Amino acid sequence: MEIKILKNILGANDRIAAKNRELLDAHKIFAVNIMASPGAGKTSVVLQTIRALQDGVRIGVIEGDISSSIDAELVAKQDVPVVQINTGGECHLEAVQVQDALNNLPLAEIDLLLIENVGNLVCPAEFTLGEHLKVLIASVPEGDDKPFKYPLMFNTVDALVLNKIDLLPYVKFNVDGFTKTVKNINAKAEIFKVSCTTGEGITTWAKWLNSRMGKPLKKRITST
Ligand code: MG
Ligand code: ZN
């Protein structure tokens, strides 16, 4: 009985996600579902990605949080259109909430849509939103054992961004071991090492994201 109900929910979610994808594609928008545990630095990566790409790419943002609009306010300061979704206790975004947010964004003025999911390494992995790319932000202080504990999340993503590498001298974290574990779970995942504090690795990550958009842009980032 439980399983049947869950299947129905996921089936409905998939149907709405497919509609979201149609809408995004009609507007030639490339959408990225950004997932992570709380505090890994999703908003910091969003802000750094905006700074890196803003000259050549028109960016929009959907901020998913259980409550508050703190992150959306930070993003709005970057002069990009942003919609806040408050899930009111739900620990993941669903396609229907993204559908609502899309109805409140200037779609004709967006090339790249960054969707910051609710901080959680479990159920966001199960709810597709209509996105083109799934990204997981992991961070050094969380420890290098997360892939063992949340294999579905690590398996489901196209790219993994390891954030806060500026803390490596102070935290026990085996980068090579972590990378090997991730590759064992998900051989296709691209792995990036960044620090949103120092800016290290951000250009490499942003260039790759830009290349995945697969559409001609007004101008491409050239800095290295
Ligand atoms: Mg955030
Ligand atoms: Zn959830």
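What you see is a predicted model, and the numbers here were worked out from it, not measured in a lab. Order of appearance sets the numbers: ligands from 1, and atoms from 1 within every ligand. Side-chain atoms are counted along with the backbone in the values below, which use heavy atoms only and exclude waters and symmetry mates.
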Other residues, nucleotides and ligands only: do more than 12 of their heavy atoms fall within 6.0 Å of NZ on K188? yes

Between Q48 and W205, is the side chain to side chain contact (heavy atoms under 4.5 Å, CB included) condition met? List the steps. CA-CA 10 Å; Q48 287 283 9; W205 147 250; over 6 Å; no

Would you name the N/O/S atom of H92 that lies closest to the Zn ion (ligand 2)? ND1

Quick one: do the D25 and H132 side chains pair a donor with an acceptor below 3.5 Å? yes

Between N86 and D65, is any side-chain donor less than 3.5 angstrom from a side-chain acceptor? no

Going by an N to O cut-off under 4.0 Å, is there a salt bridge joining K28 and D111? no

Are K149 and D145 ion-paired here, with the side-chain N under 4.0 Å from a carboxylate O? yes

Please indicate how many protein N/O/S atoms are found closer than 2.8 Å to the Mg ion (ligand 1), with waters neither displayed nor included. 3

